[in-house]
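Notes for the one structure printed next.
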Amino acid sequence: MNSTATTVLVTGASGYIAGWIIKELLDQGHTVHGTVRDPNKSKSVDHLHKMASSAPGTLKLFKADLLDVDAFDAAMQGCSIVMHTASPFIIDGYSDAFEALVRPAVEGTRNVLEAVNRCSTVTRVVLTSSVASVFGDNTDLKKAAKTAFDENDWNTTSSVDHNPYQFSKVEAERKAWEIQKAQTQWDLVTINPGMVYGPSLTTASNSASIDTLVQMGDGRLRTGVPNLGYGVVDVRDVAHAHLLAAFNKDAKGRYILVNRVLTMLGIAKILRNTFGNKYPFPRMQAPKLVVWAMGPLLGPVTRKFVSRNVGHIVKFDHSRSEQLGVKYRPIEQTLAEHFQQALDDGLVKKRS
Ligand code: NAP
């Protein structure tokens with residue numbers, strides 16, 4: 001990896017994944033220009049200043065909202081690489097999915113990349129996309145008559161009404177490739193992670209990553225979990241992949257970042273192996289019919305989502321990420337460290 005010290009813009013610097021990206025960049029001596037919506041919100045940025053104070057690199061924060069057309073120009077001055085991580089990652093608590101998810105994701109990507117077009121020093125953009133832009137529902141795998149999703153696949157089944165977060169990610173990634181292909185100054189590499197777990201450097205993130213682990217630990221899922229499998233990966237592996245994508249000249253195209261596919265019950269079993277029986281980790285799968293009937297009453301789960309995902313196998317080919325240089329750490333360690341942090345932060349009450 002050629003990582004001679006340079007200046008890198010990281011959008012959404014306050015985020016869960018961005019925290020680890022910025023730590024690795026600062027530890028390698030790079031200058032990081034981070035954008036946040038509010039640089040004075042100490043809860044969101046204190047951890048960044050703290051890590052910069054003891055690292056060889058330098059951090060400068062800039063104010064930028066995804067929806068402001070010119071917000072990223074000042075932060076981009078002098079940067080050779082742009083890592084665009086900012087995008088709403090919320091699965092609940094909004095009334096208008098387009099305004100909450102799709103508009104900021106797509107317009108934000110356009111605003112960042114049009115600023116790149118105005119900034120002649122940038123030669124590479126790394127976009128934090130998702131497996132959500134590779135597929136929408138687990139049943140898409142069977143429909144495609146494939147054994148595993150790979151980087152040639154695109155999500156064609158999500159919409160603003162069905163899986164709006166997934167839709168926001170695929171629309172944003174498509175917009176990014178469209179803008180990239182219209183010019184020759186910079187190239188684009190996308191990192192497409194599955195569900196990201198692992199310790200957070202910030203307590204302020206709204207990332208949906210921690211929600212399932214908390215629900216498993218506090219007993220809300222005691223009566224059973226859906227037979228739902230999804231790809232999982234460690235946050236530090238995702239962050240490292242961003243640096244590999246940025247500094248490896250041969251990096252090209254899309255990279256799926258998934259270590260393993262686990263079911264919710266599989267995650268519960270791993271947690272029980274480490275933390276024992278004192279926490280009410282789920283022990284059984286709820287029948288699909290019950291999940292179908294109850295899901296919409298319990299949260300943002302629709303019957304269409306249940307039909308197309310629960311009980312359906314999903315698999316990923318992650319060989320391109322290994323060719324890039326990613327060495328996945330054991331997912332048992334990832335989950336144990338993340339749950340331990342939920343205990344230490346008081347998100348789940350400690351039991352003796
Ligand atoms: P996160 O902690 O919630 O970070 C999201 C970041 O986006 C925050 O810094 C947030 O800034 C920023 N943001 C949201 N709306 C914004 C707006 N209107 N203007 C400016 N900034 C805005 O979530 P994360 O898990 O680190 O996610 C980072 C990226 O990874 C996202 O693109 C997400 O789609 C992608 N991803 C995440 C996962 C996962 O499992 N976590 C998996 C695949 C892909 P504020 O601090 O101002 O709110």
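Since the model is a prediction, treat every value here as computed from it, not as a measurement. Position 1 is the first residue of the sequence; numbering continues from there. Side-chain atoms are counted along with the backbone in the values below, which use heavy atoms only and exclude waters and symmetry mates. Atoms within a ligand are numbered from 1 in the order they appear, just like the ligands themselves.
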For this session: Return yes or no for this condition: an N or O of F89 is under 3.5 Å from an N or O of ligand 1.
Result: no
(Q) Please determine whether any non-hydrogen atom of G194 lies less than 4.0 Å from an atom of ligand 1. (A) yes
- Query: Does ligand 1 have an atom that lies less than 4.0 angstrom from a heavy atom of G19?
  - Reply: no
D187/K252 salt bridge by N-O under 4.0 Å criterion: no
* Asked: Any Lys/Arg nitrogen of D73 or R118 sitting under 4.0 Å from an Asp/Glu carboxylate oxygen of the other?
  -> yes
- Step through it carefully: locate the ring centre of Y328, locate the ring centre of H318, and say whether they are under 6.0 Å apart. yes
Residue set satisfying side-chain hydrogen bond (donor to acceptor under 3.5 Å, both in side chains) with K350, at least two apart, ordered chain then number -> D344
Is the shortest distance from a heavy atom of Y165 to ligand 1 less than 4.0 Å? yes
- Item | R110 bridged to E171 by N-O distance under 4.0 Å | no
Less than 3.5 Å between some nitrogen or oxygen of L67 and one of ligand 1, yes or no?
-> no
Does A18 reach ligand 1 with a nitrogen or oxygen that is under 3.5 Å from one of the ligand's nitrogen or oxygen atoms? no
Compute the shortest N/O to N/O distance between M195 and ligand 1 and return yes if it is under 3.5 Å, no if not.
no
Is I191 reachable from L244 through a run of I, L, V, M, F, W or Y residues, each pair having side-chain heavy atoms under 4.5 Å apart? yes
Residues passing the salt bridge (Lys or Arg N to Asp or Glu O under 4.0 Å) test with D161, sequence neighbours excluded, are none
Candidates A86, S133, S130, S87; heavy atom nearest atom 5 (C) of ligand 1 found on S87
So that I can tick it off, tell me whether E173 and R254 are bridged by a salt bridge, with the cut-off set at under 4.0 angstrom between side-chain N and carboxylate O. yes
*Does R320 make a cation-pi contact with Y255, if we ask for NZ or CZ under 6.0 Å from the ring centre and within 45° of the axis?*
yes
Per-atom filter on ligand 1: closer than 4.0 angstrom to a heavy atom of G12 are 9 (O)
Heavy-atom proximity to atom 31 (C) of ligand 1 ranks first, among V233, T85, V112, for T85
Logged contact type for A64 with ligand 1, heavy-atom cut-off 4.0 Å, is backbone
Next item on the list: Run the contact test for V36 against ligand 1 with a 4.0 Å cut-off on heavy atoms, strictly below, and give the result.
Entry: no
Contact region, S129 to ligand 1, non-hydrogen atoms below 4.0 Å, reads backbone
Please indicate whether any nitrogen or oxygen in S44 is less than 3.5 Å from any nitrogen or oxygen in ligand 1. no
* **Aromatic plane relationship, F135 with F149 - under 30° parallel, 30 to 60° tilted, over 60° perpendicular** => parallel
Note: heavy atom closest to atom 18 (N) of ligand 1, options T35, V238, D65, belongs to D65
Please determine if D153 and K146 form a salt bridge, counting it only when a charged side-chain N lies under 4.0 Å from a carboxylate O. yes
Of S14, G231, A13, P104, the one whose closest heavy atom lies nearest atom 11 (O) of ligand 1 is S14
- Is the closest heavy atom of S200 to ligand 1 under 4.0 Å? no
### Message
Regarding K23 and D27, does a basic nitrogen lie under 4.0 Å from an acidic carboxylate oxygen?
### Response
yes
Check your understanding: If you measure from each heavy atom of P193 to ligand 1, is any distance below 4.0 Å?
Key -> yes
Here the atoms of ligand 1 under 4.0 Å from any heavy atom belonging to T128 are 29 (C), 30 (O), 32 (O), 35 (C)
